[in-house]
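See structure below.
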Amino acid sequence: MSQAEFYQRDRERHPPALTPDYKTSVMRSPRAALISLQQSVSEITGPVFGHNDIDPIDNDLIHNYAKGGESAIGERIIVHGRVLDENGRPVPNTLVEAWQANAGGRYRHKKDTYLAPIDPNFGGCGRTMTDENGYYFFRTVKPGAYPWRNWVNNWRPAHIHMSVFGTSFTQRLITQCYFEGDPLIAKCPIVKTIPTQDGIDSLVAALDLNATVPLDSIAYKFDIVLRGRRSTLFENRLEGN
Amino acid sequence: MVQKLDYLKETPSQTAGPYVHIGLAPGAAGFDIYRQELGWDIAGPNAKGERIRIEGIVIDGTGNPVKDVLIETWQANAEGVYAHPESAGEVEKGFRGWGRVITDFETGEWGFDTVKPGPVKARKPLGSGPLHPPANAGDDWLGRGDEGHEDMAPHINLWIVARGINIGLNTRLYFDDEEEANAKDPVLNLIEWHNRRPTLIAKRGERDGKVVYRFDIRLQGEGETVFFDV
Ligand SMILES: [Fe+3]
């Protein structure tokens, strides 16, 4: 039996479009209300990726851009977790993409001119597919904090940008993963676009000593929750689904 | 006290930031890392239907182009079938229907090549009530079947992210040469303000013998594009 719509997105959990302390949002936020659309086949479907779209090395940011035998500089970490839906079910075989600054807080991007140096062995992006249990991991270096132009003295906490697909275009999500214990999290106007402390806490990866590789890499756990989906019970089969 | 519902809560969105290209289109950020980047070829070589190009610009509330935006596109093939197991029918080999589009950093202009999608089955109208089963076995509430209900006009779903956009913006692109279908489209007709509907309609033109639709997106202010909460 096929499944029905995805649960309504909880707009009180997400940042609103207009968040004046994050200045760029002021001129890039719609003023009219969003029009609520009941999902059709155009919304409940979405792109499907396979293992031939990516390579096994793609999730290893320490090595996926390094010259032969070398590796990226910085605190070696593993970021791992599960992609789940709001029903608590794993989301298997879905594409997870990540990008970040290097250990000095510098991005490999034409537009980033921060004075910390580029690491010749670090690209700063990776991608992977979740396994059949919704599990994923990246090997990388811990990104550095960096300054950005908002107020004159704003610093981004260490973070990894994460992009996830799910099975439908309505589940599409981009977010950021922060790290336990970082004092900059509480100061960041981008973090504070999120209206609830509980929502902010859900973006902070926990130090996970059980998942470290001793004498090699420290680990952080970061689970991602995508929108859940109604079953067809109330939709068309009252006798059960 | 009552029992606790054990649903999880969706992970909150955060802006894609100014360096979204590093993660999703590293070639544009200025480096080559993957065997292949995703989302450059929307329709593939075997897709039937009319080959078209769509171009535009995203404009902010000051009237200036947004030069660091990234748009993802999602569409059916010329037969109205999505490359997804829940869409009834088959697509051509190599047709994914999904694309990633980035702007020129100097001008903010973007464009992509694809095939024009066909009409897609609409969901059942609201009035039929939640407890009545669909009339036909091959037919369901979300438009996944092939019997007995209306079409949506040809359209492409768009998802827009950038620095300053806290959560991706969803909109739809329709085609101005589909006047009759557009007039009956249940989504366009959901927009109470008639004068806002044209913000979703791309204008057909031609350049060097090629069909080019123009679709500018206004994030804010006069002529603001209609965005959806899906
Ligand atoms: Fe960043």
Side-chain angles (χ1 to χ4, degrees), chain A residues 2 10 13-15 17 19 24-25 27-32 34-48 53 55 58 64-65 84 86 88 97-99 107-112 123-125 161 163 169-170 172-176 190 193-194 199 202 224-225 227 234-236, chain B residues 7-19 21-24 26 29-31 33-35 38 60-62 74 82-84 86-87 96 98 120-123 130 133-134 140-144 152 157 159 161-168 187 190-191 219-220 224 226-230:
Chain A
S2 57
D10 181 357
R13 184 156 177 87
H14 290 284
T19 48
T24 313
S25 76
M27 285 297 153
R28 293 186 172 193
S29 43
R31 288 294 180 267
L34 302 180
I35 300 214
S36 290
L37 191 60
Q38 286 193 299
Q39 292 157 15
S40 70
V41 71
S42 298
E43 283 75 37
I44 62 164
T45 55
V48 178
D53 285 317
D55 291 317
D58 289 354
N64 69 5
Y65 195 73
L84 302 164
E86 289 171 301
E97 295 164 291
W99 68 101
Y107 282 99
R108 183 177 288 278
H109 192 288
K110 288 178 200 168
K111 298 271 173 189
D112 189 0
C125 62
H161 297 265
S163 159
F169 212 52
T170 63
R172 193 78 181 84
L173 182 73
I174 285 181
T175 189
Q176 300 184 25
I190 288 179
T193 61
I194 297 169
S202 75
I224 299 167
V225 180
R227 293 169 72 178
F234 305 114
E235 197 68 23
N236 55 17
Chain B
Y7 296 106
L8 302 179
K9 287 180 171 166
E10 191 187 7
T11 296
S13 170
Q14 289 267 264
T15 179
Y19 306 125
H21 316 94
I22 293 176
L24 307 188
F31 67 108
I33 183 165
Y34 296 136
R35 171 170 50 90
L38 300 171
D60 72 12
T62 70
W74 176 241
Y82 286 97
H84 187 276
E86 291 193 46
S87 184
R96 185 170 262 161
W98 170 79
V120 172
K121 292 292 164 198
R123 60 173 290 125
D140 89 356
W141 297 88
L142 301 179
R144 284 177 286 203
M152 291 185 281
N157 282 24
W159 185 70
V161 295
R163 176 173 68 102
I165 295 178
N166 288 324
I167 179 165
V187 172
L190 192 64
I191 303 165
L219 295 180
Q220 185 187 100
E224 185 175 304
V226 169
F227 298 104
F228 295 105
D229 186 8
V230 296

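Here is how names work: the chains are called A, B, and so on, in the same order as the sequence lines, proteins then strands, and each is numbered from 1. Remember, predicted model here, so these are calculated numbers, not experimental data.
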Trp159(B) side chain reached by Ile174(A) side chain, heavy atoms, under 4.5 Å:
yes
Can you check whether Pro47(A) reaches Trp74(B) side chain to side chain, under 4.5 Å on heavy atoms?
yes
Any donor-acceptor pair under 3.5 Å from Glu224(B) side chain to Arg31(A) backbone
yes
Are Ser40(A) and Val120(B) packed together at the side-chain level, in the sense that at least one heavy-atom pair is separated by less than 4.5 angstrom?
no
Any side-chain heavy-atom pair of Ile194(A) and Gln14(B) under 4.5 Å
yes
Could you look at His161(A) and say if it's the side chain, the backbone, both or neither that has a heavy atom under 4.5 Å from chain B?
side chain
His14(A) vs Asn166(B) side-chain heavy atoms within contact, under 4.5 Å:
no
Per-residue contact mode, Thr193(A) against chain B (heavy atom under 4.5 angstrom)
side chain
Check whether Ser29(A) gets within reach of chain B through its side chain, its backbone, both or neither, counting any heavy atom under 4.5 Å.
both
Tyr82(B) portion near chain A, given a 4.5 angstrom heavy-atom threshold
side chain
So Trp99(A) and Leu24(B), do their side chains get closer than 4.5 Å, heavy atoms only?
yes
Met27(A) side chain reached by Leu219(B) side chain, heavy atoms, under 4.5 Å
no
When the 4.5 angstrom heavy-atom criterion is applied to Leu38(B) and chain A, the contacting part is both
From Glu97(A) atom CD to Ile22(B) atom CD1, the distance as rounded to the nearest 0.5 Å
13.5 Å
So for Ala32(A), is it side chain, backbone, both, or neither that comes closer than 4.5 Å to the heavy atoms of chain B?
both
For Ala83(B), is it the side chain, the backbone, both, or neither that has a heavy atom closer than 4.5 Å to a heavy atom of chain A?
backbone
Tyr65(A): partners by ring pair (Phe, Tyr, Trp, His ring centres under 6.0 Å), with sequence neighbours left out:
Phe31(B)
For chain A, which candidate among Pro18(B), Ala29(B), Pro26(B), Gly61(B) shows the most heavy-atom pairs at distances under 4.5 Å?
Ala29(B)
Option in Ile224(A), Ile35(A), Thr170(A) with maximal non-hydrogen atom pairs under 4.5 Å from chain B
Ile35(A)
Would you mind telling me which of Gly23(B), Ser13(B), Gly30(B) has the largest number of heavy-atom pairs within less than 4.5 Å of chain A?
Ser13(B)
Kindly say whether Leu142(B) contributes a backbone atom to a donor-acceptor pair with the side chain of Gln39(A) at under 3.5 angstrom?
no
Does Asp53(A) have any salt bridge (charged side-chain N to carboxylate O under 4.0 Å, His left out) partners at least two apart in sequence or in another chain, and if so, which?
Arg96(B)
Quick one: does any side-chain atom of Ser36(A) pair with a main-chain N or O of Asp229(B) as donor and acceptor, under 3.5 Å?
no
Chain A heavy atoms under 4.5 Å from Val230(B): which part of the residue, side chain, backbone, both or neither?
both
